[in-house]
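To start, the structure itself, in structure tokens.
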Amino acid sequence: MGKLKVGILGATGMVGQRFVTLLSDHPYFQIEVLAASERSKGKTYEEAVGGRWKMDTDMPALVKDMVLYNVNEVSEIASRVDMVFSAVDMSKDEIRRIEEEYAKAETPVVSNNSAHRWTPDVPMVIPEINLSHFDVIEAQKKRLGTKRGFIAVKPNCSIQSYTPVLAAWKEYEPYEVVATTYQAISGAGKTFKDWPEIVGSIVPYIGGEEEKSEKEPLRVFGHVENGQIVSAAEPVITTQCVRVPVLNGHTAAVFVKLRKKATKEELIEKMVSFKGYPQEHNLPSAPKQFIQYLEEDNRPQVLLDVNYENGMGVSVGRLREDSVYDWKFIGLSHNTLRGAAGGAVLCAETLVSLGYITAR
């Protein structure tokens with residue numbers, strides 16, 4: 001197939017920059033349009049980003065001279081692309097409005113934003129776990145009155161280091177979970193240059209994060225009913241979310257109660273063998289092995305393990321029995337790859353593979 005033409009909305013921000021790096025040499029997608037706020041319109045990408053390039057690789061040559069559009073030029077952008085990735089920095093109401101405008105302009109939207117995560121007919125998908133949620137797209141198209149336009153989203157970065165483990169253990173029926181996440185500063189769109197005062201400190205509050213971390217896994221574990229996603233009732237999850245002086249990588253310390261007994265060997269086997277559609281269809285961004293288990297007592301570690309499977313895999317260690325809960329473990333995931341832009345790209349690859357996104 002020829003490459004699909006894509007637009008990146010919010011291309012100058014940190015997640016937008018990550019989309020640029022992931023899509024600049026992608027087998028399915030070709031960057032056709034970069035869009036940002038009104039103040040960036042008409043500038044080249046290099047001019048608009050200026051000294052705010054936050055990736056650890058150089059800005060791809062092919063985007064440097066691309067002239068930016070205003071994200072609000074919906075019909076103009078929609079006419080040039082087959083789909084858009086959304087990482088816009090606006091209020092939730094504005095994001096909901098603009099993503100719906102693109103969908104109504106018959107342009108599929110795959111969004112990194114949280115604005116539509118609770119819209120009943122918008123699928124929020126980790127492709128290895130809840131692929132069937134894409135079934136609601138047909139109901140969403142009916143509501144929007146579209147033939148090919150729709151919105152799909154990926155969940156919050158904070159849940160990626162423990163939700164896949166709970167999915168892998170599904171047959172043992174996890175019913176109660178306590179998780180504390182130690183979250184990287186890139187999750188706030190920052191580098192150490194932007195936020196020097198975080199060095200040597202931790203901040204015990206991230207706005208809205210605990211609610212997302214407790215509720216979003218239940219939506220992922222939910223089911224489709226009458227064209228809507230119905231959240232699961234279990235496991236009941238309680239969390240605390242802490243910002244730590246780490247650039248990339250969200251670590252989670254997790255306690256789990258299981259209804260059905262399992263041995264440590266069985267639990268590890270379920271994790272390391274856990275796979276889904278992206279692995280079975282060898283999608284370009286899919287990790288070959290979704291979850292790795294590390295035997296060493298001092299792993300997973302951000303510096304050693306955050307880039308496992310190009311940042312698209314989850315690393316788990318220190319699985320052991322607990323005196324209050326049944327089991328406890330440490331999980332680690334890359335928050336801007338699996339947790340943000342990379343997860344959205346994998347969703348888009350899955351939607352292409354399933355035939356939901358095609359050339360205009």
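- Side chain of R320 to main chain of K264: no donor-acceptor pair is present (N/O by atom type, distance under 3.5 Å, no hydrogens or angles).
- Salt bridge status for R243 with E209: absent, with no side-chain N to carboxylate O gap under 4.0 Å.
- Looking at E216, its side chain does come within 3.5 Å of a backbone N or O of N156 through a donor-acceptor pair.
- Although no hydrogens or angles enter the test, the distance criterion places no donor-acceptor pair under 3.5 Å between the side chain of R318 and the main chain of F329.
- Put simply, the side chain of L332 does not reach to within 4.5 Å of the side chain of Y162, judged on heavy atoms.
- The residues R148 and E106 are annotated as not salt-bridged, no charged nitrogen and carboxylate oxygen being separated by less than 4.0 angstrom.
- When the side chain to side chain donor-acceptor pair (under 3.5 Å) test is applied to S91, the partners found at least two apart in sequence or on another chain are E94.
- Every residue two or more places apart in sequence or in another chain was checked for a ring pair (Phe, Tyr, Trp, His ring centres under 6.0 Å) with W327, and none qualifies.
- A salt bridge links R338 with E128: the closest approach of a Lys/Arg side-chain nitrogen to an acidic carboxylate oxygen falls below 4.0 angstrom.
- With sequence neighbours excluded, the residues satisfying ring pair (Phe, Tyr, Trp, His ring centres under 6.0 Å) with Y277 are H281.
- Between M312 and H334 the shortest side-chain heavy-atom distance does not fall below 4.5 Å.
- The shortest distance between side-chain heavy atoms of S158 and Q183 falls below 4.5 Å.
- Remark: side-chain polar atoms of Q140 are paired, donor with acceptor, to backbone N or O of I151 under 3.5 angstrom.
- Here the CG-CG distance, from N112 to L9, works out to 11.5 Å after rounding to the nearest 0.5 Å.
- Here the straight-line distance linking atom NZ of K54 with atom NZ of K193 works out to 8.5 Å at 0.5 Å rounding.
- Residues meeting the side-chain contact (heavy atoms from CB on, under 4.5 Å) test with A139, sequence neighbours left out: none.
- A salt bridge links R143 with D121; the closest basic N to acidic carboxylate O contact falls under 4.0 Å.
- Sorted by first and then second residue, the ring pair (Phe, Tyr, Trp, His ring centres under 6.0 Å) pairs with a member in residues 125-151 form an empty list; sequence neighbours excluded.
- The shortest side-chain heavy-atom distance between Y356 and E138 falls under the 4.5 Å cut-off.
- Every residue two or more places apart in sequence or in another chain that forms a side chain to side chain donor-acceptor pair (under 3.5 Å) with N70 is listed here: E38, N72.
- The side chain to side chain donor-acceptor pair (under 3.5 Å) test applied to S161 returns no partner, not counting sequence neighbours.
- A salt bridge links E101 to R97: one of the charged nitrogens lies within less than 4.0 Å of a carboxylate oxygen.
- When all heavy atoms of I95 and M90 are compared, the pair lying nearest together is CD1-O, 3.4 Å.
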From CA spacing to verdict: side-chain hydrogen bond (donor to acceptor under 3.5 Å, both in side chains), T119, R96 | CA-CA 9 Å; T119 305; R96 273 193 285 270; 5.9 Å; no
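- At distances below 3.5 Å, not a single donor-acceptor pair connects side-chain atoms of R18 with backbone N or O atoms of L337.
- Inter-residue side-chain proximity for T12 and R52 is flagged as met; some heavy-atom pair is nearer than 4.5 Å.
- Of all non-hydrogen atoms in A262 and L267, the two that sit nearest each other are CB-CD2, 3.7 Å.
- Remark: the backbone N or O of G208 is not paired with any side-chain donor or acceptor of E211 at under 3.5 angstrom.
- A distance of 9.5 Å separates NZ in K3 from CD1 in I31, rounded to the nearest 0.5 Å.
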- prompt: Going through the distances and angles, do T44 and D65 end up as a side-chain hydrogen bond (donor to acceptor under 3.5 Å, both in side chains)?
  reply: CA-CA 5 Å; T44 66; D65 296 324; 5.1 Å; no
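- Proximity of a side-chain donor or acceptor of S24 to a complementary backbone N or O of T21 within less than 3.5 Å is detected.
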Could you walk me through whether D135 and S132 pass the side-chain hydrogen bond (donor to acceptor under 3.5 Å, both in side chains) test, one step at a time? CA-CA 6 Å; D135 293 351; S132 64; 5.3 Å; no
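- If you take CD1 on I185 and CH2 on W195, they are separated by 7.0 Å, rounding to the nearest 0.5 Å.
- In this structure the side chain of I229 reaches within 4.5 angstrom of the side chain of V224, judged on heavy atoms.
- Side-chain contact between I98 and V71: present, with at least one pair of heavy atoms (C-beta onward) separated by less than 4.5 Å.
- Distance alone, capped at 3.5 Å, is enough to place a donor-acceptor pair between the W53 side chain and the T57 backbone.
- Classification of R80 and E76 as a salt-bridged pair holds, one side-chain N sitting under 4.0 Å from a carboxylate O.
- Taken from NZ in K5 to CD in E32, the straight-line distance is 5.0 Å, to the nearest 0.5 Å.
- Judged by a 6.0 Å distance limit and a 45° cone about the ring axis, R259 is positioned over the six-membered ring of Y175.
- T163 places no side-chain N or O within donor-acceptor distance of the main-chain N or O of Q160, the cut-off being under 3.5 Å.
- S213 approaches I159 most closely through the heavy-atom pair CA-CG2, 3.7 Å.
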Working for salt bridge (charged side-chain N to carboxylate O under 4.0 Å, His left out), residues K328 and D322:
CA-CA 6 Å; K328 55 190 169 188; D322 183 59; 3.0 Å; yes
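- The number of heavy-atom neighbours closer than 6.0 Å to NZ of K141, taken from other residues, nucleotides and ligands shown, is above 12.
- Contacts classified as salt bridge (Lys or Arg N to Asp or Glu O under 4.0 Å) and involving residues 153-171 (residues at least two apart or in different chains) are given here: E171-K270.
- For H223, there are no ring pair (Phe, Tyr, Trp, His ring centres under 6.0 Å) partners, not counting sequence neighbours.
- Residues Y45 and L62 form no side-chain contact, since every pair of their non-hydrogen atoms from C-beta on lies 4.5 Å or further apart.
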Side-chain donor-acceptor contacts of residues 244-256 below 3.5 Å, not counting sequence neighbours, with atom names and distances?
| residue | atom | partner | partner atom | Å |
| --- | --- | --- | --- | --- |
| N248 | OD1 | S186 | OG | 2.8 |
| H250 | ND1 | A184 | N | 3.0 |

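- Residue pairs meeting the side chain to side chain donor-acceptor pair (under 3.5 Å) criterion with at least one partner in residues 302-313, sequence neighbours excluded, are R299-D305.
- With T263 contributing its side chain and E266 its backbone, the two residues share a donor-acceptor pair below 3.5 Å.
- The two residues L131 and P127 come nearest to each other via the heavy atoms CB-O, 3.9 Å.
- Shown here for A11 and L34, the closest heavy-atom pair between the two residues is CB-CD2, 3.9 Å.
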Test side-chain hydrogen bond (donor to acceptor under 3.5 Å, both in side chains) on T239 and E210; report intermediate values, then the result.
CA-CA 6 Å; T239 66; E210 286 162 3; 5.5 Å; no
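- Figure legend: K257 and Y325 shown as a cation-pi pair, the cationic atom lying under 6.0 angstrom from the six-membered ring centre and within 45 degrees of its axis.
- Every pair passing ring pair (Phe, Tyr, Trp, His ring centres under 6.0 Å) that includes a residue from residues 57-88 is listed here, sequence neighbours excluded: F19-F85, F29-F85.
- Among all heavy-atom pairs drawn from V81 and G7, the shortest one is CG1-N, 3.7 Å.
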